[in-house]
Participant: 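What follows is a structure written as C-alpha cells; I'll ask about it next.
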Amino acid sequence: MSKIQSVVRGVGGYLPERVITNDELSKTVDTSDEWIVQRTGIRERHVAAEGEMTSDLALHASRIALDNAGLTPADIDLIVVGTTTPDRTFPATAALLQHKLGITHGVAFDVQAVCSGFVFAVATADGYLKGKMAKRALVVGAETASRLLDWNDRTTCVLFGDGAGAMILEAREVPDDAPENGVLVSSLRTDGSHWDKLYVDGGVSATGTIGHLRMEGKEVFKHAVGMISDVIEDVLEKTGKTTADLDWFVPHQANKRIIDGAGKKLGIPEEKTIVTVDRHANTSAASVPLALWVASEDGRIKSGDLVMIEAMGGGFTWGAALIRW
Ligand code: UT7
C-alpha cells in the first residue's frame, strides 16, 4: 500500500522597497518609537509602491520559491493565494498571479482567512494533493495591508506592513511505512461571532466602498494566546508529538508579546522561535511564509526539521500546521 505526502520543495519571499520606521510614523500620528516597540516589538514595516499590487508581490515571492525548488511555472497545477487585500474584487489574485506566471493550466483560487490565510491555504493545498486533485501547489500569502489602513488611526496604522511569501508543495507517492515528510497535519478553526473585533468597515455588498481596517486591539489580544495554543495542542495530539520535538516554531507575526505569551504557555523556548515582526510588522497572511523564507535563507530551517506554523486573525480564524521540512 502507498500514501501521498505533500512535501516542501522551496520557499520564497518578497518585501517592497519602501521602509517606514516608527520615527517616520511619529511625524504624522501621535505615537512614538518607544510605545510601538514596547507594546508590539515592531521597529519598521515595508509598504508597496503606488501601482504595486498584491499579485506583483506574490509574483516576486513565487519566482524565488520556484527557483529554490528548481521548478518552472509550467510545473505548477494548483495556486492557492491567502489574501485579504486582493488586487480587485474579482478575479481572484491567484488567477492574476497565474497569468503573470505565464501559465493557463491547472486551478487557481484565493483563500480569505485574513491573518490565518497562509495556514488555511497550506491545509487546502495539502488536501488537494493528498486527494490526488493536483500534483504541485504554489501556496502564497500576499498582502498590501497598507491600502486598508486609516493612516490617521494610531491604534492600527502602526501595526501592519506589506509583503508576500510563497511555498511549493509537491505530492509524492511513497510506501505506507515511509518516514514522515511534508505537511503532517493541520488544524483550522473559525468563530464568526467575533467578526466585529477585527474587520474592515467597507465592502462590496455592505457599503460599496473599500473601507478601512478597524480593530479592538485589546479584545484580539485577549483571545490570541488561547486560540493559538488550542490549535497547536490539537496538531501535537494528532501527531503524537510534544513541543520538545519541534525544531522551529514559526508563529504569525502580529505582536512580539503574543508570540512570547504563546511560547511561554506551550513551553517553546525563544531560541526555537522565528521572529520577524520587528522588521516586517504584521503582514497578515504573508507573515508566516515570509518568516519561513527568512529562516530557511539564513540556514536556520533545514531539511528534516520539524516546523510548527500557526496564525490567528479576523473572523476570528485560527490554525496551525506541523511540517517535516
Ligand atoms: O493578526 C491578528 C490581529 N492583530 C493582533 O493580534 C493585535 C492584537 N492586539 C495588540 O497587539 C495590542 O492590543 C495593541 C498593540 C494593538 C495595543 O496594545 P495594548 O497594550 O493592548 O494597548 P491599549 O490598546 O490598551 O492602549 C493603551 C494606551 C491607550 O491610551 P489610554 O487610553 O491608556 O490613554 C491608547 O490610546 O495606548 C494608546 N495608544 C497609543 N499610544 C501611542 C494606542 N495606540 C497607540 C500608538 N501610540 N500607536
Side-chain angles (χ1 to χ4, degrees), residues 20-45 82-85 111-121 141-146 148-163 165 188-192 194-201 212-231 250-263 265 275-278 280-291 309-320:
I20 299 183
T21 62
N22 292 345
D23 280 337
E24 193 177 343
L25 270 181
S26 69
K27 291 185 181 128
T28 52
V29 283
D30 182 15
T31 190
S32 65
D33 178 56
E34 193 193 354
W35 189 96
I36 302 171
V37 171
Q38 196 187 63
R39 301 284 177 138
T40 71
I42 297 165
R43 292 181 184 277
E44 58 187 35
R45 71 283 296 139
T83 189
T84 269
T85 47
V111 165
Q112 219 286 38
V114 201
C115 296
S116 312
F118 182 75
V119 180
F120 276 52
E143 303 277 15
T144 45
S146 62
L148 277 184
L149 295 176
D150 173 353
W151 288 95
N152 296 312
D153 174 9
R154 69 175 184 172
T155 69
T156 52
C157 77
V158 304
L159 303 175
F160 294 87
D162 300 340
L188 307 180
R189 286 279 289 115
T190 302
D191 180 352
H194 297 289
W195 76 269
D196 56 355
K197 296 186 178 85
L198 173 52
Y199 70 106
V200 171
D201 62 7
H212 289 117
L213 183 149
R214 304 294 175 201
M215 176 165 69
E216 286 179 42
K218 253 197 176 352
E219 280 297 310
V220 181
F221 198 105
K222 220 168 69 187
H223 287 87
V225 172
M227 288 176 164
I228 290 163
S229 309
D230 160 45
V231 280
V250 186
H252 173 48
Q253 310 282 322
N255 186 324
K256 181 69 167 51
R257 285 156 59 210
I258 297 176
I259 295 173
D260 291 346
K265 181 159 190 239
V275 176
T276 54
V277 69
D278 53 333
H280 301 173
N282 182 351
T283 56
S284 187
S287 93
V288 169
L290 271 170
I309 62 171
E310 62 82 357
M312 181 262 176
F316 290 149
T317 56
W318 62 108

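Every value quoted in this text rests on a predicted model; they were computed, and no experiment measured them. Ligands are counted one by one from 1 in listed order, and the atoms in each one are counted from 1 as well.
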Participant: Hey, is atom 14 (C) of ligand 1 touched by any protein heavy atom at less than 4.0 Å?
Facilitator: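 Given the 4.0 Å cut-off, atom 14 (C) of ligand 1 does not count as touching protein heavy atoms.
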Participant: I'd like the name of whichever of His223, Glu219, His252, Arg39 reaches closest to atom 27 (C) of ligand 1 through any heavy atom.
Facilitator: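 Nearest option to atom 27 (C) of ligand 1, by heavy atoms: Arg39.
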Participant: Please determine whether a side-chain nitrogen of the Lys or Arg among Asp196 and Arg214 lies less than 4.0 Å from a carboxylate oxygen of the Asp or Glu.
Facilitator: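 Here Asp196 does not pair with Arg214 in a salt bridge, since their nearest N and O are not under 4.0 Å apart.
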Participant: So Thr40 and Val158, do their side chains get closer than 4.5 Å, heavy atoms only?
Facilitator: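 In short, these two side chains do not touch, never coming nearer than 4.5 Å.
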Participant: Got the closest protein heavy atom to atom 47 (N) of ligand 1, with its distance?
Facilitator: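 Answer for atom 47 (N) of ligand 1: Thr31 OG1, 2.7 Å.
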Participant: Mind checking whether Trp35 has an N or O less than 3.5 Å away from an N or O of ligand 1?
Facilitator: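 Yes, at least one N or O pair falls under 3.5 Å.
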Participant: Report the member of Leu25, Val220, Ile36 with the shortest heavy-atom distance to atom 5 (C) of ligand 1.
Facilitator: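 Looking at heavy atoms only, Val220 sits closest to atom 5 (C) of ligand 1.
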Participant: Quick check on contacts: which atoms of ligand 1 are under 4.0 angstrom from a heavy atom of Thr155?
Facilitator: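 Those of ligand 1 that fall under 4.0 Å from Thr155 are 43 (C), 44 (N).
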Participant: Can you pull out the closest protein heavy atom to atom 4 (N) of ligand 1? Residue, atom name and distance to 0.1 Å, please.
Facilitator: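 I find the closest protein heavy atom is Met215 SD, 3.5 Å.
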Participant: To the nearest 0.1 Å, how far is atom 18 (O) of ligand 1 from its closest protein heavy atom, and which atom is that?
Facilitator: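 Protein heavy atom at minimum distance: Arg257 NH1, 3.8 Å.
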Participant: Distance under 4.0 Å to a non-hydrogen atom of Leu198: what atoms of ligand 1 satisfy this?
Facilitator: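 Every atom of ligand 1 under 4.0 Å from some heavy atom of Leu198: 3 (C).
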Participant: Which protein heavy atom lies closest to atom 12 (C) of ligand 1, and at what distance to 0.1 Å?
Facilitator: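 For atom 12 (C) of ligand 1, the nearest protein heavy atom comes out as Phe221 CD1, 3.8 Å.
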Participant: What I'd like to find out is whether the side chain of Asn255 reaches to under 4.5 Å of the side chain of Arg39, using heavy atoms alone.
Facilitator: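 Not touching, per the 4.5 Å side-chain cut-off.
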Participant: Quick check on contacts: which atoms of ligand 1 are under 4.0 angstrom from a heavy atom of Met312?
Facilitator: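 Counting from 1, the qualifying ligand atoms are 1 (O), 2 (C).
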Participant: Heavy atoms of the protein only: does one fall short of 4.0 Å from atom 20 (O) of ligand 1?
Facilitator: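 Under the 4.0 Å cut-off, atom 20 (O) of ligand 1 does have protein heavy-atom neighbours.
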Participant: Hey, does Thr40 come in under 3.5 Å of ligand 1, counting only N/O atoms on both sides?
Facilitator: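 Between Thr40 and ligand 1, no N or O pair is found under 3.5 Å apart.
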Participant: Taking the side chain as everything from C-beta on, heavy atoms only, tell me whether Val114 gets closer than 4.5 Å to Ser284.
Facilitator: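 Side-chain contact under 4.5 Å: yes.
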Participant: Give the residue, atom name and distance (to 0.1 Å) of the protein heavy atom nearest atom 11 (O) of ligand 1.
Facilitator: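 Sorting protein heavy atoms by distance from atom 11 (O) of ligand 1 puts Asn255 ND2, 2.7 Å first.
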Participant: Using side chain to side chain donor-acceptor pair (under 3.5 Å), reason through Glu143 and Thr283 one step at a time and then give a plain yes or no.
Facilitator: CA-CA 6 Å; Glu143 303 277 15; Thr283 56; over 6 Å; no
Participant: Verify the contact flag for atom 29 (C) of ligand 1, where contact means a protein heavy atom under 4.0 Å away.
Facilitator: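 No, no protein heavy atom sits under 4.0 Å from atom 29 (C) of ligand 1.
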Participant: Does Leu159 come within less than 4.0 angstrom of ligand 1, counting non-hydrogen atoms of the residue?
Facilitator: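 Distance cut 4.0 Å: Leu159 passes for ligand 1.
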Participant: For atom 8 (C) of ligand 1, which candidate among Ser284, Ala311, Gly217, Cys115 holds the nearest heavy atom?
Facilitator: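 Among Ser284, Ala311, Gly217, Cys115, the closest heavy atom to atom 8 (C) of ligand 1 comes from Gly217.
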Participant: Would you say Thr83's side chain and Ala142's backbone share a donor-acceptor pair under 3.5 angstrom?
Facilitator: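 At least one qualifying donor-acceptor pair exists.
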Participant: Give a yes or no on whether Arg43 atom CZ has more than 12 heavy-atom contacts from other residues, nucleotides or ligands under 6.0 Å away.
Facilitator: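 It does not: Arg43 CZ has 12 such atoms or fewer within range.
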Participant: Does any part of the side chain of Leu290, heavy atoms only, come nearer than 4.5 Å to the side chain of Gln253, both counted from C-beta?
Facilitator: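 Side-chain contact under 4.5 Å: no.
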Participant: For atom 25 (O) of ligand 1, what's the nearest protein heavy atom and its distance?
Facilitator: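 Its nearest protein heavy-atom neighbour is Lys218 NZ, 2.9 Å.
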Participant: Please examine the side chains of Arg257 and Phe221, heavy atoms only from C-beta on, and report whether any two atoms are closer than 4.5 Å.
Facilitator: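 The answer is yes, as the side chains (C-beta and beyond) meet within the 4.5 Å cut-off.
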Participant: Check whether any protein heavy atom sits under 4.0 Å from atom 32 (O) of ligand 1.
Facilitator: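 Looking at atom 32 (O) of ligand 1, one finds that no protein heavy atom lies closer than 4.0 Å.
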Participant: To check your reading of the model: name the closest protein heavy atom to atom 38 (C) of ligand 1, its residue, and the distance in Å.
Facilitator: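 The answer is Arg154 NH2, 3.6 Å.
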